[in-house]
2 protein chains.
Amino acid sequence: MAIPLPGRQVRGSTTGKPIMALLDLLGRTWSLGIIWHLHTGPATFRELQQRCEKISPTLLNTRLKELKTLQLIESQASGYQLSHQGVDLFAIISPLGSWSSQWAQALKEESKL
Amino acid sequence: MAIPLPGRQVRGSTTGKPIMALLDLLGRTWSLGIIWHLHTGPATFRELQQRCEKISPTLLNTRLKELKTLQLIESQASGYQLSHQGVDLFAIISPLGSWSSQWAQALKEESKL
DNA sequence: CACCATGCTACAAATACTGTAGCATGGTGT
DNA sequence: ACACCATGCTACAGTATTTGTAGCATGGTG
């Protein structure tokens with residue numbers, strides 16, 4: 001699958017709008033998960049595999065290449081880590097953590113009725 | 001694919017943490033796109049298909065069921081629309097729009113060097 | 001130089017998504 | 001009442017993506 005570059009046609013959109021490239025990227029299995037798990041700090045390939053619990057090395061590597069090309073992560077001696085842009089992106093999505101808790105709660109309440 | 005309910009084991013995580021259910025959901029093809037395209041207002045099935053440009057009706061329907069079960073969208077006479085929770089979720093991710101523009105810009109600058 | 005850990009690739013099996021056709025239902029016009 | 005149309009959605013075969021396991025290559029350690 002081609003890396004979703006802003007400005008190009010991506011999966012689901014021919015317009016080339018950056019948001020569409022981003023949604024394509026984040027909609028790929030594990031993209032969000034990798035970013036999420038990396039925010040706790042740099043990790044080596046094998047450690048990242050463990051943080052993600054169940055990702056296959058093949059796909060992990062594929063995603064890492066995509067994220068690196070799109071400058072959301074970078075690899076250093078300490079392993080993979082979020083880039084400056086990656087940190088920014090994480091800052092936007094980090095409220096999902098607490099939002100998801102209240103959402104889970106609401107679903108639970110609902111199911112009681 | 002089973003609907004990622006918080007509290008259950010989901011794709012990529014056995015912990016049942018709500019955030020993992022959410023990341024599983026949002027990481028599925030088109031989930032984010034549907035939420036994104038719905039924020040501009042209610043849409044009928046066929047109109048949503050058009051907003052999404054290239055989604056297959058099979059998958060659109062699958063995603064709509066998931067999102068409905070998880071109470072992020074609801075269907076009314078006017079068509080599908082974001083639920084209260086869906087609007088909340090969108091509020092969190094909406095900064096991705098402008099973030100993606102500056103990201104696209106940065107990638108472009110980079111490629112000039 | 002044996003031993004081990006790490007980063008990563010190979011590849012077949014399993015799963016998810018697409019694309020096209022088309023059915024069922026509920027209007028609208030005549 | 002009846003042809004005509006749009007809509008919501010399903011069927012299903014073909015294609016693309018993801019998983020799971022095995023294992024290779026490289027570099028460090030005793």
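Letters A, B, ... are given to chains in the order of the sequence lines, protein chains preceding strands, and every chain is numbered from 1. Note that the structure is a prediction, hence the values are computed from the model and not measured.
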Asks: Does A:H37 offer a backbone N or O that forms a donor-acceptor pair with the side chain of A:T40 under 3.5 Å?
Replies: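 Yes: the side chain of A:T40 pairs with the backbone of A:H37.
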Asks: Taking all atoms of both residues into account, what is the closest heavy-atom pair of B:P6 and A:A104, and its distance?
Replies: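 For B:P6 versus A:A104, the nearest heavy atoms are CB-CB, 3.6 Å.
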Asks: Regarding B:T62 and B:R28, do their side chains bring together a donor and an acceptor under 3.5 Å, going by distance alone?
Replies: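 No, because no side-chain N or O of B:T62 sits under 3.5 Å from a partner of the opposite role on B:R28.
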Asks: Rounded to whole angstroms, how far apart are CG on A:L60 and C1' on C:dT9?
Replies: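 Going from CG in A:L60 over to C1' in C:dT9 covers 13 Å.
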Asks: From C-beta outward on A:T58, which listed nucleotide comes closest to its side chain: C:dC11, D:dG8, C:dG19?
Replies: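 Of all the options, the side chain of A:T58 is nearest to C:dC11.
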Asks: Is the ring pair B:F90/B:H39 parallel, tilted or perpendicular, if the boundaries are 30 and 60 degrees?
Replies: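 Answer is parallel, since the angle falls under 30°.
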Asks: Let me know the distance between CD of A:Q49 and C1' of C:dA5, rounded to the nearest Å.
Replies: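 Nearest whole value for this atom pair: 13 Å.
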Asks: Could you work out which one of C:dG19, C:dT6, D:dT19 sits closest to the side chain of A:R46?
Replies: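 Shortest atom-to-atom distance from the side chain points to C:dT6.
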Asks: With both distances under 3.5 angstrom, what nucleotide forms a Watson-Crick or G-U wobble pair with D:dG27?
Replies: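 C:dC4 is the nucleotide pairing with D:dG27.
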Asks: What is the separation between atom CG on B:L59 and atom P on D:dC9, rounded to the nearest whole Å?
Replies: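 Those two atoms, CG and P, are 14 Å apart.
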Asks: Out of A:R51, A:Q50, A:Q49, which one pairs with A:E47 under the side-chain hydrogen bond (donor to acceptor under 3.5 Å, both in side chains) rule?
Replies: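 Passing option: A:R51.
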Asks: Would you kindly give the CE-to-C1' distance between B:M1 and D:dT18, to the nearest whole Å?
Replies: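 Atom-to-atom, B:M1 to D:dT18, this comes out as 11 Å.
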Asks: The side chain of A:T44 is closest to which nucleotide in this list: C:dG7, D:dT18, C:dG19?
Replies: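 Closest of the options to the side chain of A:T44: C:dG7.
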Asks: Let's see if you can work this out: which of D:dT19, C:dG7, C:dT18 has an atom nearest to the side-chain heavy atoms of A:F45?
Replies: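 Among D:dT19, C:dG7, C:dT18, the one nearest the side chain of A:F45 is C:dG7.
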Asks: Rounding to an integer number of Å, can you tell me how far A:Q50 CD sits from C:dC8 C1'?
Replies: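 Going from A:Q50 (CD) to C:dC8 (C1'), I get 16 Å.
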Asks: Measure the distance from CG on A:L48 to P on C:dA5 and round it to the nearest whole Å.
Replies: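 Those two atoms, CG and P, are 20 Å apart.
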Asks: Using atom CD1 of B:I55 as one end and atom P of C:dT18 as the other, report the distance to the nearest whole Å.
Replies: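 It works out to 7 Å between those atoms.
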Asks: Testing the 3.5 Å rule here: is there a donor-acceptor pair between the side chains of B:E74 and B:S83?
Replies: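 Distance-only check fails for B:E74 and B:S83.
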Asks: Which part of the nucleic acid does A:T62 contact within heavy-atom distance under 4.0 Å: base, sugar-phosphate only, or nothing?
Replies: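 The answer is nothing, as A:T62 stays clear of every strand by at least 4.0 Å.
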Asks: Does the side chain of B:K65 get closer than 4.0 angstrom to OP1 or OP2 of D:dG8 through an N or O atom?
Replies: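 For B:K65, the contact criterion (side-chain N or O under 4.0 Å from OP1 or OP2 of D:dG8) is not met.
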Asks: Tell me which nucleotide, if any, is Watson-Crick or G-U wobble paired with C:dG29 when both distances must be under 3.5 Å.
Replies: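 Pair assignment: C:dG29 / D:dC2.
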Asks: Could you list by number each residue of residues 10-40 of chain B showing a heavy-atom separation from DNA chain C of less than 4.0 Å, or answer none if no residue does?
Replies: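 B:T29, B:W30, in order of number.
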Asks: Provide the Watson-Crick or G-U wobble partner of C:dG19, both distances under 3.5 Å; none if there is no partner.
Replies: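 Result: D:dC12.
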Asks: Could you tell me the separation between the CD atom of A:E53 and the P atom of D:dG20, rounded to a whole number of Å?
Replies: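 Taking CD of A:E53 and P of D:dG20, I get 12 Å after rounding.
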Asks: For the atom pair CG (A:L89) and CH2 (B:W103), what is the distance rounded to the nearest 0.5 Å?
Replies: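 One finds 8.5 Å between CG of A:L89 and CH2 of B:W103.
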